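Since the structure comes first, as structure tokens, the remarks are kept for the end.
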Amino acid sequence: MRYYSVKMRASKEDKHISGGERIVERKALKEVINSLIERPRDFDFLNIKVKLVQKLNYIDRSLKIESYSFPDTHQANAFAVEIIHRYTGIDKVRIENFINLIHIGASDRGDVMRGAMLVDTDGNRLERDRNRGVRTTGVDFEDREKVRSKLIKKGFTDRTLDALAIATKNLNYQDILGEYCISDDPNYQYGYVAVKRSYIRIHPLKEKGNDRGGRIYFVKKEVDLDRLYNYLEEEEFLIRELVEIL
Ligand code: AMP
């Protein structure tokens, strides 16, 4: 069967406002393009790219979603740091420093990075470009509507659907040990930490009103950067099953 990757990005006054990405069969193209076009409310530029997928890979199961709530962002982030420390062995103060950078803007200019920061188990930043970071693309659910409706029934959102796909692809790579993520939407206080097999949704991971956000991928120190970038940015994956949520 032939699959196509469909990528949409929209901007207004040169500022990125919306993006979306799908991997679908030929017969679903029209519907998918229509729904992606409807995603941004107001734009002055929108680009849609459709490309035949040359080699499609599969991931059998998504990460398993768990949810935790805390009285404030300090306790929520302390919990996140503890998990990352357990899975990476990185000193907790160092982890906190990287997380703080995400909350204030981790690019060289103190802005939001477009992609993720890379940190190895020695606590070194590895991304090649600190403004761009590394971007995870080329991932979707085989039956997106089924997964979506299950998530929505459980009270999750489309954001969770997209983020779960990204985190599942990331953690499927042997040298990625964990991920930390907060949105750059000032009104959205949910965030997550992903580790092997688990997507741990945490609230409130950032302060209301903060328009900074970002992702950190924690990787083994011996990681081959060329292969890592190629995996995250070039290889295409469909996720077959959502792991049932308790
Ligand atoms: P979002 O989950 O779309 O609110 O994105 C939160 C932050 O994660 C953004 O501000 C970016 O810094 C980063 N980011 C967004 N999309 C990606 C991606 N596909 N790969 C890596 N990092 C991303």
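Side chains included, hydrogens not; waters and symmetry mates left out as well; all remaining heavy atoms used. Counting starts at 1 for both ligands and their atoms, following the listed order. What you see is a predicted model, and the numbers here were worked out from it, not measured in a lab. Numbering starts at 1 and runs along the sequence shown.
K150 forms no cation-pi arrangement with F156, by the criterion of a distance under 6.0 Å to the ring centre and an angle within 45° of the ring axis.
Of all protein heavy atoms, the one closest to atom 21 (C) of ligand 1 is Y217 OH, 3.2 Å. Closest to atom 4 (O) of ligand 1, if we only count protein heavy atoms, is S183 OG, 3.1 Å. At the shortest separation from atom 7 (C) of ligand 1 among protein heavy atoms lies G214 CA, 3.5 Å. Remark: minimum distance from atom 6 (C) of ligand 1 to any protein heavy atom is reached at I182 O, 3.5 Å. At the shortest separation from atom 9 (C) of ligand 1 among protein heavy atoms lies D184 OD2, 3.6 Å. Atom 5 (O) of ligand 1 has R215 NH1, 3.3 Å as its closest protein atom, hydrogens excluded (heavy atom only).
Interface of I166 with ligand 1, defined as ligand atoms under 4.0 Å from a residue heavy atom, comprises 19 (N). Below 4.0 Å from some heavy atom of V112 lie the following atoms of ligand 1, by number and element: 10 (O), 12 (O).
For the pair K196 (side chain) and L171 (backbone), a donor-acceptor distance under 3.5 Å is present. Checking side-chain atoms of E236 against main-chain N and O of K55 turns up no donor-acceptor pair under 3.5 Å. Between the side chain of D120 and the backbone N or O of N124 there is at least one donor-acceptor pair closer than 3.5 Å.
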For this session: Quick one: do Y188 and Y190 satisfy ring pair (Phe, Tyr, Trp, His ring centres under 6.0 Å)? Show the steps, please.
Result: CA-CA 6 Å; Y188 195 74; Y190 283 91; 5.7 Å; yes
For this session: Any chance you could lay out the side chain to side chain contact (heavy atoms under 4.5 Å, CB included) test for R114 and H16, step after step, and finish with the verdict?
Result: CA-CA 9 Å; R114 278 184 287 137; H16 172 87; over 6 Å; no
For this session: Could you walk me through whether E233 and R135 pass salt bridge (charged side-chain N to carboxylate O under 4.0 Å, His left out), step by step?
Result: CA-CA 6 Å; E233 299 192 341; R135 290 191 57 87; over 6 Å; no
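Using a non-hydrogen distance threshold of 4.0 Å, V134 registers as a contact of ligand 1. Taking a 4.0 Å cut-off on heavy atoms, G115 registers as neighbouring ligand 1.
Of all non-hydrogen atoms in I239 and S62, the two that sit nearest each other are CG2-N, 3.8 Å.
For the pair T73 and H103, the minimum side-chain heavy-atom distance is 4.5 Å or more.
Under 4.0 angstrom from ligand 1, there are no non-hydrogen atoms of L232.
Remark: ligand 1 and T136 share an N or O pair separated by less than 3.5 Å (distance only, no angle test). For M113, a nitrogen or oxygen atom sits less than 3.5 Å from a nitrogen or oxygen atom of ligand 1, counting backbone and side chain alike.
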